[in-house]
Amino acid sequence: MGSNNKRGIMTAYISPYKLLLGLLLLLVIGTTGISLANPYILSQFIDISLASGASRKLIKIALLFIGLSLAGQLITILSTFLSQQLAWKTTNQLREDLMDHCLSLDPSFHNSKTPGEMIERIDGDVSFLSNFFSNMFVVLISNTLLLLGILVALYSVNLWVGICFTLFSLFVFFVFRKTSGISTKNWIKSRESSANVFSYIEEKLYGVEAIKTNNVTKYVVGILEKLMLVKMKRDRAAFMISTSIWGTTVVLFSLGTAISLGMGLFFFLKGMMSVGTVFLIYNYAQMIRNPIEQMSNQFQDLQRASSCIYRIKEILGQQSVVTDGSKMLNGEEQFSVEFEDVVYEYEPGKPVLKSLSFTIPSGQSLAIIGRTGSGKSTIIKLIFRFIEQSSGVIRINGEDVRSYNIENLRSKIAIITQEVQLFHGTLRDNITFFNESVSDSEIKEAFQELGLWEWYCSFPNGLDSQLKSDEMSLSEGEAQLITMVRIMLKNPRLMIMDEATANLDPLTENLMVAALNKLGNNRTVIIIAHRLQTLRFVDHILVLENGEIVEQGLRSQMEHKLHASYWNSDLVKKG
């Protein structure tokens, strides 16, 4: 991955914190200055001691050295704290942006990624970047300044010593330049294998009952072992290559020490340096080792960070095929829905919907029936703008649905499916989606309007009853009733039922159908269903077969037009 891409991510998320970054830079400069001053103080201490200098002066030098050392430690602690703050602020924002971007993508993206893989992408990669950002300024910047300061100090001691160690430092960075990108590809593969492991674990934990009932635990664990083995090999390959860079620095450090001792001895024997100055050169040469070594480690982290940034940019680069519009829908107006020659293809040349045309007048209801795979759910996804039609036009209130703002459009539509998502929380939280602005009186009024007050009273602690816990466990039907209350509070203009009553017991279905009748008042309703009890309440019926309309009309007309045996056929039963 190119350096421009890395800088692009880091600059975008660090630039809002320029003040914090500036304060951190000042602390880093202070720490560097103290680190450079201490060897000089020690060299003065040595020269004065050898010259039988006054003890009072030596005491002052010693106290100065101790004071600067303590100040350096305090500044280091503060700068580390601030760098951690900077890392958390930047990466938390990045994590939020990633999550928001992923939620904006269409189902084709999510169908290609498992939840486990996305957790590793959004949290695992960003968490590593947090560690990298927290060290980057304290380690990389401070050590860069320290290295430059050491070279300047060596020039002030002796021109030839300064030149020698400048060439030495340039040689070190040349070596780093040649080796810095070697392991990036290996770290990318390592992160990919980690995502594969998390994805597999998430998938198998979700299906733990099926695994146990089919007695395939050993087989599942065996595959996990193979995935872990791949991860271990990739981690080892990346680590070994990165470690080779560290091994290179060990050899360079030994060379630097030899240079400092050789030059110090030469100038001392020539009478051009004191013992304290020789010690100063040796000390600065040893100090070079610390910034080079830490910068070497940072370069290794940079390689791993590069792989994380590559994967993050890969997600951020994904674009939804569903385009956003700018028009806003009035919150009170009813919806009319029109399909005109709509074609949708999951794959080129394989249409799921074929020139579909129908109209639902505002405030009326339509039932769509057909065999599995006939295209019923695809119609719903198109209206809700989860997917984009291949050709044709879909209109809401006479306007192309693509001209509307997606968020605004979806806020006016409610979808009820067979599976209801409940959260670990109170009944109130599950109804309001943790929105504290919704009052208890509004929620209770919704229960009463839907005729569900008696059912609400069965909850032992009312709205504070805990769901998905040992205290309260809801059936699928009861979960659907919670959806009814959610919709009543949302007050949508278009309500869609996607076979929501398919798995309900008769008693719960009666409650739900009664609630749906009240919810359907003054709203446009689309129902995908296969039970006649549900179809009795609709205005229009549309029959799909292989993505085409084979029958459509008013319910009263359809009931007489279609033979009675048709209603008991597999077309309805398997819908």
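Bear in mind that the values here come from a model prediction, so they are computed numbers and not experimental data.
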Contact check, side chains of Gln364 and His540, non-hydrogen atoms, under 4.5 Å = yes
Looking at CD of Glu338 and CG of Asn397, how far apart are the two atoms once the value is rounded to the nearest 0.5 Å?
-> 11.0 Å
How many angstroms lie between CD1 in Ile315 and CG in Leu98, if you round to the nearest 0.5 Å?
-> 5.5 Å
On the 0 to 90° scale, with breaks at 30° and 60°, tag the Tyr456-Phe447 ring pair as parallel, tilted or perpendicular.
-> tilted
So, Arg395 side chain and Thr359 main chain: donor-acceptor pair closer than 3.5 Å or not?
-> no
Any side-chain heavy atom of Thr426 sitting closer than 4.5 Å to one from Asp429?
-> yes
Report yes if the side chains of Ser357 and Phe339 come closer than 4.5 Å at any heavy-atom pair, otherwise no.
-> no
Exam field: side chain Thr524 to backbone Ser362, donor-acceptor pair closer than 3.5 Å | no
To the nearest 0.5 Å, how far apart are CE in Met488 and CG in Leu450?
-> 4.0 Å
Counting distance only, does the side-chain N/O of Glu388 pair as donor-acceptor with the main-chain N or O of Thr323 below 3.5 Å?
-> yes
Main-chain N/O of Glu345 paired with Ser390 side-chain donor or acceptor, under 3.5 Å = yes
Indicate whether the side chain of Asn408 and that of Arg410 have a donor and an acceptor atom separated by less than 3.5 Å.
-> no
Parallel, tilted or perpendicular: rings of Phe459 and Trp455 (30°, 60°) | perpendicular
Leu544 CG to Ile379 CD1 distance, which is reported to the nearest 0.5 Å = 4.5 Å
Between Glu96 and Asn92, is any side-chain donor less than 3.5 angstrom from a side-chain acceptor?
-> no
Say whether, by atom type as modelled, one donor and one acceptor occur between the side chain of Lys376 and the main chain of Gly370 under 3.5 angstrom.
-> yes
CD-CD1 distance between Gln389 and Ile383, expressed to the nearest 0.5 angstrom | 10.5 Å
From Ile413, Ile415, Ile487, residue fulfilling side chain to side chain contact (heavy atoms under 4.5 Å, CB included) relative to Pro492 | Ile487
Lys354 atom NZ, over 12 foreign heavy atoms within 6.0 Å = yes
Would you say Leu427 and Ile482 make side-chain contact, with heavy atoms under 4.5 Å?
-> yes
Any sub-3.5 Å donor-acceptor pair from Tyr200's side-chain atoms to Ile223's backbone N or O?
-> no
Under 3.5 Å, is there a donor-acceptor pair between the Asp539 and Ser365 side chains?
-> yes
Might you confirm whether atom CZ of Phe434 has over 12 heavy atoms from other residues, nucleotides or ligands at distances under 6.0 Å?
-> yes
Can you establish whether the number of heavy atoms outside Met99 located under 6.0 Å from its atom CE is more than 12?
-> no
Taken to the nearest 0.5 Å, the spacing of Cys102 SG from Leu316 CG works out to 8.0 Å
Would you call Lys444 and Asp440 a salt bridge, using N to O less than 4.0 angstrom?
-> no
